[in-house]
Amino acid sequence: MSYQKEVHIAQLAVQRATILTQRVFHGTKGTESKDDKSPVTIGDYGAQALIIQAIKHNFPEDEIVGEEDASSLRGNSSLTNQIWDLVKDARLDDAAAEQDLGGPIESSEQMLKAIDAGNSAGGSRGRIWALDPIDGTKGFLRGGQYAVCLALIEDGDVKVGVLACPNLPIDDAAPLSADVGEKGSDGAGRGVLFAAIFRTGSTSRPLGRGALQPSQPIHMKDVPDITQATFCESVEAGHSSHGDQAAIAKKLGITKESVRMDSQAKYGSIARGAGDLYLRLPVRADYEEKIWDHAAGDLIVREAGGMVTDAEGKPLNFGKGRTLKDNKGVVAAPKTVHQQVLDVVKIVLSSK
């Protein structure tokens, strides 16, 4: 199966969703807290509704694992109306592209139903989409990096991955600045759409507002001298152990300051050679990573010539439900240096 329709719809769907998220990014974000104390914005809800509506229009039998649900909205008409005002106006400029997605959502009730359709339990059988409508919500809130992420998992394996990163440079050759995680801008020269199909390679293209713009292939950068590598890591210490990462960098002889940014923008950045290594190191023994936080980025890096495993060297297993139950941490690097990095990760983590 070629998955050409799937990757086309996925790219258009996340592109349309970023029209909404960027409107929220520059306005009132309408934040509330979920049960796990993590933040959620009106942009999360609106983007999830738009993307799920497009997926269900084109692939009605597919399941979706979405990060959000509409339970808190059904008793809050003011918040629902605020989200609906955004959703009903979010349309692609190109009529044919908009029609490919099924056109606009017709009512606020249809919007709530679309949000709630992301309730799949996941698993290792069938076609399941993993959706994070705003990955890196804290980065989104502070004006930094975030991503809109969508991946198709079939029988437990990721087949299609798409990341929209509105605040990253379009230029694949642009190096990562140390402050890229804090200074997000969607102005001129910003906004990139990454995509990958299993065994077909990874691409980037400018993020637009209508039909898809021309794409180009992307590749991991060769790292002949590990001491010159650029690390990418999470901004939030609660997401990844900064202390362990510093110890790993020291053992590898890397003195360059790590680039900290939120979201799967890190996966996209190393996939196109703007960075080299991405580590997400366990902060708690009982923590389970969510599949929507990694599925798209995992495939994009692997199809760009990289290798992604957990901290024990096992491939990420997306067929165990809504979380990566079988895995602890993430190590993403070019194939030529992945084992070298992994060996040091094991040494540092085993010494704790």
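Just so it is clear, the structure is predicted and the values come from calculations on it, not from any experiment.
No salt bridge links Lys290 with Glu67; every basic N to acidic carboxylate O contact stays at or beyond 4.0 Å.
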N/O donor-acceptor pairs under 3.5 Å from side chains in residues 146-159, not counting sequence neighbours:
{"unit_1": "Tyr146", "atom_1": "OH", "unit_2": "Thr21", "atom_2": "OG1", "d": "2.7"}
{"unit_1": "Tyr146", "atom_1": "OH", "unit_2": "Gln22", "atom_2": "OE1", "d": "2.2"}
{"unit_1": "Glu154", "atom_1": "OE1", "unit_2": "Tyr3", "atom_2": "OH", "d": "2.3"}
{"unit_1": "Asp155", "atom_1": "OD1", "unit_2": "Gly126", "atom_2": "N", "d": "2.8"}

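None of Glu63, Glu61, Glu6 except one satisfies the side-chain hydrogen bond (donor to acceptor under 3.5 Å, both in side chains) rule with Arg127; the exception is Glu6.
No hydrogens or angles considered: a donor-acceptor pair under 3.5 Å links the side chains of Thr41 and Asp44. Looking at Gln339 and Asp343, their side chains do bring a donor and an acceptor atom within 3.5 Å of each other.
In Lys250, the NZ atom is not crowded: 12 or fewer heavy atoms of neighbouring residues, nucleotides or ligands sit closer than 6.0 Å.
When atom types are taken as modelled, the side chain of Lys251 and the backbone of Val344 share no donor-acceptor pair closer than 3.5 angstrom. Not one N or O on the side chain of Arg302 forms a donor-acceptor pair closer than 3.5 Å with the backbone of Arg199. Judged purely by atom type and a 3.5 angstrom limit, Arg205 uses its side chain to pair as donor or acceptor with the backbone of Gln213. Distance alone, capped at 3.5 Å, is enough to place a donor-acceptor pair between the Lys56 side chain and the Asp62 backbone. Asp135 places a side-chain N or O within 3.5 Å of a backbone atom of Gln264 that can act as its donor or acceptor partner. Formation of a donor-acceptor pair under 3.5 Å by the Thr200 side chain with backbone atoms of Phe198 is found in this model. When atom types are taken as modelled, the side chain of Arg190 and the backbone of Leu207 share no donor-acceptor pair closer than 3.5 angstrom. Proximity of a side-chain donor or acceptor of Asn167 to a complementary backbone N or O of Gly144 within less than 3.5 Å is detected. Between the side chain of His219 and the backbone N or O of Ser202 there is no donor-acceptor pair closer than 3.5 Å.
Contact between Glu233 and Ser258 at its shortest, heavy atoms only, is OE2-CB, 3.4 Å.
Glu98 is linked by a salt bridge (charged side-chain N to carboxylate O under 4.0 Å, His left out) to Arg16, counting only residues two or more places apart in sequence or in another chain.
The side-chain heavy atoms of Leu252 and Val341, taken from C-beta on, include a pair separated by under 4.5 Å.
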- Step by step, would you call Lys256 with Asp276 a salt bridge (charged side-chain N to carboxylate O under 4.0 Å, His left out)? CA-CA 12 Å; Lys256 194 184 302 184; Asp276 301 305; 5.4 Å; no
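Residue pairs that meet the salt bridge (Lys or Arg N to Asp or Glu O under 4.0 Å) test with at least one member in residues 82-93, sequence neighbours left out, are Arg23-Asp89.
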